[in-house]
Amino acid sequence: MNSAEWTEAFRAATVDVAQMDVGTVSYEESARRLRTLLKTKLLLHTDLRDSPERFFLAHRILATYATKLGPGFWIRFTVHYNLCVGTVLALGTEEQIASLSDMQEHGLLGCFGLTERLAGVSSGLVVNAVADWDEETDGFTINTLDVGAAKNWISQGLVADKAVVVAELRVKGVSHGPHAFFMDFRRDGEVVPGIMLGDMGKKTVGNDLDNAWIMFNNVKVPKSTLLNRYADIRNGKYVAADSSRPVFHMIGQRLFTGRVAVAQAALEFRRTLYATTKEYTDKRQCWTPTGSRPLSSVPQVRALFEENAKNQHLCDRFVAKCESELCRCLRENTLPSVALTDAIAVAKVKAVEDSIKFVHLLQNEVGSFALMKGTGFEQRDFLTCCKFAEGDTRVLMQKMARDRVKAFQKTRAKAKAECTEETALCSELVEAMRQSSSGPEAAWDIQHEKVYRLAGVIIDRTVTSFLSPQSKL
Ligand SMILES: Cc1cc2nc3c(=O)[nH]c(=O)nc-3n(C[C@H](O)[C@H](O)[C@H](O)COP(=O)(O)OP(=O)(O)OC[C@H]3O[C@@H](n4cnc5c(N)ncnc54)[C@H](O)[C@@H]3O)c2cc1C
């Protein structure tokens with residue numbers, strides 16, 4: 001099937017998804033529709049590795065339904081295909097990867113348990129769930145020892161059959177850091193013994209998606225659940241297979257695909273909302289002393305549509321370039337360069353934050369239309385979900401600024417000579433940290449406005465340089 005035929009087939013297979021009434025549909029029914037979609041095999045579990053453009057296209061198509069559906073089904077889909085299945089592809093052995101086709105055949109759904117209650121957006125940097133190696137049973141015992149370690153917000157947790165759970169691996173009491181375990185979550189619809197879970201509660205949008213908190217109480221899982229391409233237990237000892245690819249680094253690979261998908265989803269949401277709103281503003285006649293004119297021609301509205309189109313085009317080009325570079329890495333099974341991972345973080349922040357800004361501006365220029373149910377504005381919290389999914393905006397901006405200041409400190413003399421806004425901000429932050437009597441971390445916090453301004457400058461510079469024909473990754 002060529003790309004156009006595939007697009008048509010995928011749209012046809014998701015007609016019932018696009019038509020869901022998210023106000024009344026149950027999460028079980030929404031999950032059933034994903035099971036049916038899996039079984040069509042239009043998007044194979046291995047496409048993220050073998051045909052990554054198709055993986056991204058599927059996400060974009062689903063995002064075009066988001067002004068009607070909100071974030072529920074899109075998150076359900078990406079958690080299954082990217083976070084759960086994608087982590088098995090990134091970290092699993094051939095045998096573990098082979099089991100994914102059986103999963104697809106039977107329409108089994110997967111969830112991804114990373115986020116913990118205490119760690120919130122810093123989950124991953126901090127993992128308190130533990131998986132202890134148990135010599136006697138030749139397996140692991142998974143526990144969340146306190147409520148802070150409980151997994152929360154786990155999408156599809158109330159229906160999933162399989163789970164990738166991230167827990168700190170301990171062998172004979174020695175920690176080897178976070179590892180991923182691909183385990184049965186339900187068997188014949190029943191949650192496996194030792195797992196406790198509950199509903200996170202009603203949300204402003206996306207209630208067709210179930211979100212669960214999950215606790216593990218001495219859950220015994222076999223050795224084969226450890227995704228062990230890069231690390232294993234042999235003769236009771238922890239063995240890292242490839243020191244250049246630490247396990248947690250490889251779990252993080254799914255964040256890059258997720259960030260591109262989220263950036264594109266935010267852009268699709270905004271594109272659809274602007275298009276449907278424009279249909280309205282073209283028709284809506286506004287009174288003037290000399291007759292009427294369409295709302296679209298009122299100067300501030302016209303200017304907004306123009307500015308939005310320019311910005312959207314820039315974001316589209318930038319994110320598309322990130323996608324194509326990342327697809328090359330996925331197909332060649334190489335890790336993205338530092339320059340590409342930085343660009344992907346920029347893409348995620350820029351696409352999401354600019355979409356939030358432009359949707360907010362639109363909402364405030366089109367009168368009562370933006371208040372009406374069914375216009376898409378009621379689903380704008382879709383963009384709020386984009387903000388913290390796969391790397392929170394603020395956390396990513398903090399990292400951009402920290403990395404830049406560190407690099408500045410290494411090449412200070414040369415950087416000072418360049419004297420741009422970026423180097424000036426770096427210099428001011430370094431000085432503030434040096435002079436602070438309460439220590440560099442406190443100074444960094446006090447200077448938070450400058451920190452985020454620096455990140456903003458980095459974002460603008462990265463977009464420009466990455467899109468230039470001379471860009472090297
Ligand atoms: C609908 C939905 C589906 C989800 N699905 C999954 C899933 O399937 N699997 C999974 O593992 N997780 C999932 N998550 C979790 C998600 O990825 C976030 O980790 C989680 O929502 C964090 O929420 P929180 O309220 O605890 O954030 P908090 O940690 O309380 O952070 C709140 C805000 O504080 C700021 N902040 C916090 N720390 C810092 C810092 N160090 N520096 C600067 N600013 C900071 C940020 O602006 C952040 O947005 C889901 C969340 C939602 C809402």
Side-chain angles (χ1 to χ4, degrees), residues 22 27 30-31 34 66 69-87 109-129 144 147-160 162-167 178 180-181 185 197 199-216 251-252 254-255 258-259 261-262 265 345 348-349 352-353 356 379 381-403 441 444-449 451-452 454-455:
V22 287
Y27 65 76
S30 166
L34 181 55
L69 298 184
F73 195 85
W74 193 90
I75 296 177
R76 188 184 288 293
F77 180 85
T78 198
V79 162
H80 176 87
Y81 270 101
N82 183 49
L83 294 179
C84 177
V85 168
T87 303
L109 298 181
C111 65
F112 181 71
L114 170 69
T115 302
E116 295 181 356
R117 187 170 166 180
L118 173 71
V121 288
S122 300
S123 295
L125 297 176
V126 187
V127 175
N128 285 321
T144 46
V147 285
K151 301 290 177 186
N152 73 359
W153 283 114
I154 307 309
S155 297
Q156 211 151 247
L158 298 182
V159 295
K162 297 275 183 184
V164 166
V165 175
V166 179
F181 298 83
F185 200 67
L197 42 75
D199 196 331
M200 290 298 293
K202 211 159 165 65
K203 306 180 282 282
T204 54
V205 290
N207 288 300
D208 53 314
L209 172 70
D210 46 307
N211 284 99
W213 59 261
I214 303 171
M215 291 197 79
F216 294 82
I251 298 176
R254 285 297 68 90
L255 287 178
R259 280 174 196 164
V262 168
K348 203 250 159 182
V349 174
V352 171
E353 294 305 321
I356 289 173
Q379 299 294 354
D381 285 357
F382 181 90
L383 296 173
T384 307
C385 294
C386 293
K387 203 176 169 85
F388 46 71
E390 325 292 12
D392 179 84
T393 290
R394 291 292 191 191
V395 173
L396 290 176
M397 290 177 88
Q398 285 274 346
K399 182 172 183 317
M400 287 171 202
R402 276 184 202 279
D403 288 352
E441 275 308 307
W444 184 264
D445 279 0
I446 291 167
Q447 299 291 328
H448 65 272
E449 286 182 4
V451 168
Y452 292 123
L454 172 60

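Each ligand, and each atom within it, is numbered from 1 in the order the structure gives. Note: hydrogens, waters and symmetry copies are ignored here, and every other heavy atom, side chains too, is used.
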ask   = Would a distance-only check, ignoring hydrogens and angles, find a side-chain to backbone donor-acceptor pair under 3.5 Å from Arg117 to Ala150?
value = no
ask   = Going by the atom numbers of ligand 1, which of them fall below 4.0 Å from some non-hydrogen atom of Arg394?
value = 43 (C), 44 (N), 47 (O)
ask   = With atoms numbered from 1 as shown, which atoms in ligand 1 lie under 4.0 angstrom from a non-hydrogen atom of Val79?
value = 8 (O)
note = of all protein heavy atoms, closest to atom 42 (N) of ligand 1 is Gln398 CG, 4.1 Å
note = Any heavy atom of Asp392 under 4.0 Å from ligand 1? The part involved is side chain
key: Polar side-chain atom of Lys348 near backbone of Asp392 as donor-acceptor pair, under 3.5 Å   = no
inquiry  = Looking at Ile75, is its backbone amide N or carbonyl O close enough to the side chain of Thr78 to form a donor-acceptor pair, meaning the two atoms are under 3.5 Å apart?
reply    = no
note = If we number the atoms of ligand 1 from 1 as shown, the ones under 4.0 Å from a heavy atom of Tyr452 are 43 (C)
query = What is the closest protein heavy atom to atom 25 (O) of ligand 1, and at what distance does it sit?
reply = Trp153 NE1, 4.7 Å
request  = Could you tell me the residue and atom name of the protein heavy atom closest to atom 41 (N) of ligand 1, and the distance to it rounded to 0.1 Å?
outcome  = Ser122 OG, 4.2 Å
request  = Kindly say whether Cys84 contributes a backbone atom to a donor-acceptor pair with the side chain of Lys162 at under 3.5 angstrom?
outcome  = no
inquiry  = Can you name the atoms of ligand 1, numbered from 1 with element, that are less than 4.0 Å from a heavy atom of Asn211?
reply    = 1 (C), 2 (C), 3 (C), 4 (C)
key: Point-to-point distance, once rounded to the nearest 0.5 Å, from NE2 of His80 to CG of Leu34   = 6.0 Å
task = Quick one: look up the protein heavy atom nearest atom 39 (C) of ligand 1 and list residue, atom name and how far away it is.
result = Val395 CG2, 4.0 Å
request  = Around atom 24 (P) of ligand 1, find the nearest protein heavy atom and jot down its residue, atom name and distance.
outcome  = Gly120 CA, 4.4 Å
inquiry  = Going by a strict under-4.0 Å cutoff (protein heavy atoms only), does atom 49 (O) of ligand 1 have a neighbour on the protein?
reply    = yes
inquiry  = Test your reading of the model: is there a side-chain donor-acceptor pair from Lys151 to the backbone of Val166, 3.5 Å cut-off?
reply    = yes
inquiry  = Any protein heavy atom at under 4.0 Å, with atom 35 (C) of ligand 1 as the reference point?
reply    = no
note = Closest to atom 19 (O) of ligand 1 by heavy-atom distance, out of Thr115, Ile75, Asp381, Val165, is Thr115
request  = Might you check, step by step, whether the distance between atom 32 (C) of ligand 1 and some protein heavy atom is under 4.0 Å?
outcome  = no
ask   = Between Tyr452 and His448, what is the ring plane arrangement, given parallel below 30°, perpendicular above 60°, and tilted in between?
value = perpendicular
Whether Glu116 side chain and Ala129 backbone form a donor-acceptor pair below 3.5 Å = yes
query = Taking the side chain from Asn211 and the backbone from Met200, do they hold a donor-acceptor pair closer than 3.5 Å?
reply = no
key: Proximal ligand 1 atoms for Leu114, defined as those under 4.0 Å from one of its heavy atoms   = 11 (O)
ask   = Do any non-hydrogen protein atoms sit less than 4.0 Å from atom 8 (O) of ligand 1?
value = yes
task = Can you pull out the closest protein heavy atom to atom 53 (C) of ligand 1? Residue, atom name and distance to 0.1 Å, please.
result = Phe388 CE1, 3.3 Å
ask   = Can any side-chain N or O of Arg259 pair as donor or acceptor with the backbone N or O of Glu390 at less than 3.5 Å?
value = yes
query = Is there a nitrogen or oxygen of Val121 sitting under 3.5 Å from a nitrogen or oxygen of ligand 1?
reply = yes
query = Do Glu353 side-chain atoms and Thr393 backbone N/O form a donor-acceptor pair below 3.5 Å?
reply = no
